[in-house]
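For reference, the structure discussed in these notes is given below.
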There are 2 protein chains.
Amino acid sequence: MKKLTIKDIAKEFNVSISTVSKALNDSYEISESTKEKIQKYAKEKNYKPNFNALSLKNRSTKTIGVILPTMLNYFFAQVFKGIEKTALKEGYKVITCISNQSYDKEQEIIEMLSNGSIDGFLLSTAKETELNNKYDHFKDSIDNGTPIVMFDRVAQSIICDKVITDDFEGAANTVEFLYKKGHKKIAFISTISDLQIGKQRLQGYKQGLEKVGLSFDENLVLNIIEKDYKKYKNKVRPFIKSNDIDAVITTGESVAVSTMKALKKSGKKIPKDVAVIAFSNGILARHSSPKMTTISQHGEIMGETAAQILINKLEKKHTEITTKIIKTDLVIRDSTR
Amino acid sequence: MKKLTIKDIAKEFNVSISTVSKALNDSYEISESTKEKIQKYAKEKNYKPNFNALSLKNRSTKTIGVILPTMLNYFFAQVFKGIEKTALKEGYKVITCISNQSYDKEQEIIEMLSNGSIDGFLLSTAKETELNNKYDHFKDSIDNGTPIVMFDRVAQSIICDKVITDDFEGAANTVEFLYKKGHKKIAFISTISDLQIGKQRLQGYKQGLEKVGLSFDENLVLNIIEKDYKKYKNKVRPFIKSNDIDAVITTGESVAVSTMKALKKSGKKIPKDVAVIAFSNGILARHSSPKMTTISQHGEIMGETAAQILINKLEKKHTEITTKIIKTDLVIRDSTR
DNA sequence: GTGAAAGCGCTAACAG
DNA sequence: CTGTTAGCGCTTTCAC
């Protein structure tokens, strides 16, 4: 029942605990024969050095704290997958907490884990945190020697490693793609106009228009503040009716689905009359009809990258501060020609 | 930089470390004045007792190990949400690992965490584990004093606390519901016929038929082994063509979407000609057209329940072994009349 | 080649 | 009311 300790093994062979410790760590100080028998015994009995004792001694837990705004989102679930995979590969465990987009929760989590539970944080900021521009909790953590790597939703004002999606380029390239297909009246529908990434996407959209020589028309931009996806249609329908558009870029899948429904309802064919492209994590896009062309985000790679950066930092493999940009890919399905 | 310890505080006030320890724990042995100044100082300096030292001393980590087959699945993400919420509420942290449906991975994870990292496991078995009926790693863990609570995909042969969905009743009630709406030719499409929960759902379907007096026709059951959802339609279309059905129950959302597409393609109206109901986690169902009626699974409640059972067990609040069944709910949307 | 002892940060029994 | 000490499980320096 009780777990086997170095002490028990020492007793078993009538040697000191330091001999056992050294034998298990294959020290040159210990004779081959002693090492062999001790190692064999330890293996047989499935001995494992106690995690907390090691952490205490080494002042390092080989554990990463992950803070996500939510897990009920395919993108973040993918990021998590990448983090977990990379962490495990590198011998790290992952303590995962959900901020639920709340600043208070986020800061409680940081407090809770700042007691030697973890070696560093991997996080995407809560919406509330971003809206209120309250980043002191991050700063405190870094100042206290617990490094942070931020991903996707990052805090501009905090100096730390970051991994972000290429939202700007993604949007710009999409406009260009649509233009080349002959689209001239390209709308932009955003449900995250208040977030930094939303602003980036809008900027990219504008940049794309400029590049191909289309003029920006603010009537072709719809910002939906409403957070309940069921109500998207109340905004989308009139928007579509009152504008003569031939393409739509949306910031998410859910609103793209609403948009496609609204388009169909108003007698438009997709993609014949109107093309639809969404920033997307993939799950709805692949099941919609028609299947959606998406600006695909590579959450898993983002997670892997962020985890690797943090681990390298923890193991002092590099110390400079970087911002890594993960490219988006246009995945062409059936909602574009 | 370096974290404040009890020792530092002791030095600050020229008292012993035990005085500090007791003061911080509000011991009756310490004078009010001493307690006050020490507590005040600790608070100011944001002192936090070292997690690893505490765990080592108490032989308890207040940490739960969670093993999920995948996180890229709305249901499991919901379960995770429930676990995380309950754990945090009870002062527990959560180390989360993904088995990716692999037995080897699952058992590595258990090995890795069985060194005093965690107090207990919360897990849903990997598919491979279930198919091969290899459950020794679970048994070992329990025998070694690390309790396990299983949820959703549980191992019949392992004696431990379990939380499961009411798959049997869910399917049976659905048949009854359809029958009352006038459906007589009710098909059953499964993509998990090899899993225990799949068998339960099929049994429930049969039970439902029996109850309402319809005879079981094995031609109305389609088992899809193919795991790529893109290929579902290859099986679903001929199945639909060769059978004259007026309702379909599926084991998942994804295949329900394929089924609805196939039905529409063959000229059937949903729900007028054929009703569709899926066991579901909700995300696709809410965005399909028509919106899908579902046998809804309450992942979050399952997670909360499982976590609470484990924590109660760890804190010795109860010791008997239970299996808790979470009811399903029929959520009626537009794919049924 | 092996062992004694200190120390990681904390608690608690015991002494004063 | 405060302090000394042992001990949680392990590593590591220093003796022998």
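Each chain gets a letter, A, B and so on, in the order its sequence line appears, and its residues count up from 1.
The shortest heavy-atom contact between A/Glu84 and B/Thr96 is CG-O, 3.9 Å. Across all their heavy atoms, A/Ser124 and A/Asp152 have their closest contact at OG-CB, 3.9 Å.
Under the salt bridge (Lys or Arg N to Asp or Glu O under 4.0 Å) criterion, B/Asp26 pairs with B/Lys35, not counting sequence neighbours. B/Glu29 is linked by a salt bridge (Lys or Arg N to Asp or Glu O under 4.0 Å) to B/Lys22, counting only residues two or more places apart in sequence or in another chain. B/Lys43 is linked by a salt bridge (Lys or Arg N to Asp or Glu O under 4.0 Å) to nothing, counting only residues two or more places apart in sequence or in another chain.
Of the residues in residues 31-42 of chain A, not one places a heavy atom less than 4.0 Å from an atom of DNA chain D.
Here the straight-line distance linking atom CD1 of A/Ile159 with atom CD1 of A/Ile148 works out to 12.5 Å at 0.5 Å rounding.
Straight-line distance from the CZ atom of B/Phe13 to the C1' atom of D/dC1: 17 Å, rounded to whole Å. For the pair B/Ile9 CD1 and D/dT2 C1', the interatomic distance rounds to 16 Å; values are reported in whole Å. To the nearest angstrom, P of C/dA4 lies 12 Å from CG of A/Asn14. Atom OH in B/Tyr28 sits roughly 14 Å away from atom C1' in C/dT11 (whole-Å rounding).
A donor-acceptor pair is defined here as one N or O able to donate and one able to accept, closer than 3.5 Å; such a pair exists between the side chain of A/Lys313 and the backbone of A/Thr319.
A salt bridge is absent between B/Lys40 and B/Glu36; no separation between the charged side-chain nitrogens and carboxylate oxygens falls under 4.0 Å. A/Glu300 has a carboxylate O that lies under 4.0 Å from a charged side-chain N of A/Lys85, or vice versa, which qualifies the two as a salt bridge. One finds a salt bridge joining A/Glu111 and B/Lys48 here, because a Lys/Arg side-chain nitrogen approaches an Asp/Glu carboxylate oxygen to under 4.0 Å.
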- nucleotides 8-14 of chain D: protein proximity per nucleotide (B base, S sugar-phosphate only, - neither; heavy atom, under 4.0 Å): BBBBBBB
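Rounded to 10°, the helix from C/dG1-D/dC16 to C/dG16-D/dC1 has 60° between the axis fitted to its first five pairs and the one fitted to its last five.
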